[in-house]
Enquirer: 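Let me give you the structure first, and then I'll get to my questions.
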There are 2 protein chains.
Amino acid sequence: MSLRHAILGVLSAEPMTGYDLVRYIDESVGYVWSASQSQVYPELRRMEQEGLIQATVAQRGQRAEKRVYSLTPAGEAELRRWAADLLAYSPDRDPLYLKALFFDMVPFAAAREQLRAHIAHWSRRLEQWQERADLIRARRLPLLRKRLQQRDPAEHEAIVQFKAWVIEGKVARARTEIDWAQRGLRLIDALEAGRLTAAVAEDRAPIPRATPTLPPHQGPSGSEA
Amino acid sequence: MSLRHAILGVLSAEPMTGYDLVRYIDESVGYVWSASQSQVYPELRRMEQEGLIQATVAQRGQRAEKRVYSLTPAGEAELRRWAADLLAYSPDRDPLYLKALFFDMVPFAAAREQLRAHIAHWSRRLEQWQERADLIRARRLPLLRKRLQQRDPAEHEAIVQFKAWVIEGKVARARTEIDWAQRGLRLIDALEAGRLTAAVAEDRAPIPRATPTLPPHQGPSGSEA
DNA sequence: GTAGTCATGTAAGAGGTTACATGATTAG
DNA sequence: CTAATCATGTAACCTCTTACATGACTAC
């Protein structure tokens with residue numbers, strides 16, 4: 001049940017409507033926990049009923065209303081409790097790695113295409129996250145500023161450092177994924193050239209612990225580091 | 001819908017019962033895609049109805065029966081089709097990273113405990129995966145051997161190399177997670193000692209792109225690399 | 001006989017996705 | 001007046017988890 005804690009986390013910076021919440025989740029916490037609009041509204045109602053948040057109904061224009069949610073003391077307590085609670089790990093499930101296990105059953109071209117898409121995907125994330133980490137350290141994000149305003153200045157450094165460290169963890173993850181995909185491309189090159197069939201057959205006896213030496217990646221597969 | 005492809009993947013090595021399948025998923029594909037027993041049986045029935053697999057009812061003992069499932073040609077085609085199909089990426093969702101975003105709200109001790117658990121968790125995985133990668137390269141796994149037996153020897157190298165590469169990708173992931181957690185522990189040490197409050201405040205102007213230099217981790221937090 | 005393993009299921013519920021649905025407000 | 005944005009929801013469906021349930025077989 002992390003959705004509600006993502007919501008509590010955003011609302012702990014500043015009260016806002018469900019609509020704003022969805023947008024902020026998308027562009028702040030969403031880097032780490034995303035949620036769809038159709039999930040958020042019902043969850044807000046449940047949380048309100050349970051006393052974790054409260055809504056102030058505000059007018060907008062002549063006829064319409066909107067509900068601005070803020071944390072109750074119970075909500076803040078729940079956020080702290082959850083953050084300090086030891087996490088139970090759930091089973092690994094990675095569709096791309098599963099797919100890659102069976103790359104021997106597909107044409108080289110298909111495997112290459114998939115890996116280039118993987119590199120593209122994680123490169124985009126890498127840039128977004130890197131930029132975001134910089135913005136956090138520079139304290140340039142509106143929501144972060146709001147958060148700092150209502151916290152003791154003595155805590156500011158910890159707040160900024162923890163958040164930057166988390167996002168930089170995601171940056172590292174992105175680099176690992178890109179690395180892996182590039183090693184995959186080199187492996188495909190080697191297999192296609194028939195270089196491995198002979199090479200590895202020779203020194204089968206001493207089990208290589210790491211990836212066997214592969215020539216640098218080049219040629220039609222592109223996407224070098 | 002990756003569960004059925006994980007199942008197809010295992011059955012493509014060797015026909016087996018649902019019971020065996022659950023065990024093999026747990027210890028082979030499960031390193032990358034896990035599935036619970038209560039998921040597998042109904043899915044097998046559905047796949048049988050759709051003609052992807054077929055069951056041979058075999059006796060066991062006097063009264064009991066068991067259903068041994070094997071791939072149909074349609075099942076193998078589906079496995080190949082899926083493996084070659086470009087993957088759509090789903091949103092990021094990582095409960096620990098979400099939690100870590102709010103470590104400024106918990107006692108240092110609680111954050112440390114969580115990070116040590118993280119290191120322990122991924123260290124275990126690291127060892128398991130490393131060992132598994134070695135076994136794959138040495139071709140010592142029973143199921144892998146069965147798989148190789150029914151494939152053209154010219155394909156053997158590709159089969160082994162792809163699988164080893166995938167697992168080594170997981171090894172790299174584990175290292176990244178451990179690294180990140182260790183940087184977190186050092187960050188906590190620094191925050192606790194009050195070293196960062198002063199240090200970072202001084203050079204706020206030039207935005208540091210990477211993690212600021214931190215002293216090597218030591219003291220009560222343990223768990224050094 | 002009895003404990004552990006082999007073997008196959010069902011049911012309730014949590015959490016998430018996609019699609020549908022509606023209407024007011026505001027900027028041009 | 002019209003398009004984009006603000007704002008709030010519902011419904012069907014899929015996947016996975018947890019727990020319950022049953023019973024035969026095998027080794028001791």
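Every chain is numbered from 1 and lettered A, B, ... according to where its sequence line falls, protein lines coming before strand lines.
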Enquirer: Does the side chain of A:Arg63 get closer than 4.0 angstrom to OP1 or OP2 of C:dT25 through an N or O atom?
Expert: yes
Enquirer: Is B:Ser36 touching bases, backbone alone, or none of the nucleic acid, heavy atoms closer than 4.0 Å?
Expert: base
Enquirer: Would you say A:Gln39 reaches C:dG15's phosphate, i.e. side-chain N/O to OP1/OP2 under 4.0 Å?
Expert: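 No, because none of the side-chain N or O atoms of A:Gln39 sits under 4.0 Å from OP1 or OP2 of C:dG15.
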Enquirer: Check the surroundings of atom CD in A:Glu127: do more than 12 heavy atoms from other residues, nucleotides or ligands lie under 6.0 Å from it?
Expert: no
Enquirer: C:dG16, D:dC16, D:dA7: which one has an atom nearest the side-chain heavy atoms of A:Tyr19?
Expert: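 Shortest atom-to-atom distance from the side chain points to D:dA7.
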Enquirer: Under 3.5 Å for both distances, Watson-Crick or G-U wobble, that's the pair rule; now give the dot-bracket for DNA chain D, with | marking pairs to another strand and [ ] for crossing ones.
Expert: ||||||||||||||||||||||||||||
Enquirer: Whether the side chain of B:Thr72 engages the backbone of B:Gly51 through a donor-acceptor N/O pair (distance < 3.5 Å, no angle test) should be reported.
Expert: yes
Enquirer: Under 4.0 Å from any atom of DNA chain D, heavy atoms only: list the residues of residues 82-98 of chain A that qualify, in numerical order.
Expert: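 When residues 82-98 of chain A is checked for heavy atoms under 4.0 Å from DNA chain D, the hits, listed by number, are A:Pro91, A:Arg93.
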Enquirer: Is there a donor-acceptor contact under 3.5 Å from the side chain of A:Gln150 to the main chain of A:Ser12?
Expert: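 Yes.
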Enquirer: Please determine, for the side chain of A:Ser38, which listed nucleotide (D:dA21, D:dC16, C:dA19) has the closest atom?
Expert: C:dA19
Enquirer: Is it the case that the base of C:dT8 and the side chain of B:Gln37 share a donor-acceptor contact (distance under 3.5 Å, atom types as modelled)?
Expert: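 In this structure, the two groups form a donor-acceptor pair.
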Enquirer: Does this structure show an ion pair linking B:Arg132 with B:Glu168, if we count only N-O contacts that are shorter than 4.0 Å?
Expert: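 Not counted as a salt bridge, because no side-chain N and carboxylate O are separated by less than 4.0 Å.
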Enquirer: Figure out the CD/P separation between A:Glu65 and C:dG23, and round it to whole Å.
Expert: 16 Å
Enquirer: Tell me which residues in residues 40-62 of chain B put a heavy atom below 4.0 Å from DNA chain D, sorted by number, or none.
Expert: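 Only B:Arg60, B:Gly61, B:Gln62 qualify.
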Enquirer: Sub-3.5 Å donor-acceptor pair from the side chain of B:Arg81 to the main-chain atoms of B:Glu76, do we have one?
Expert: no
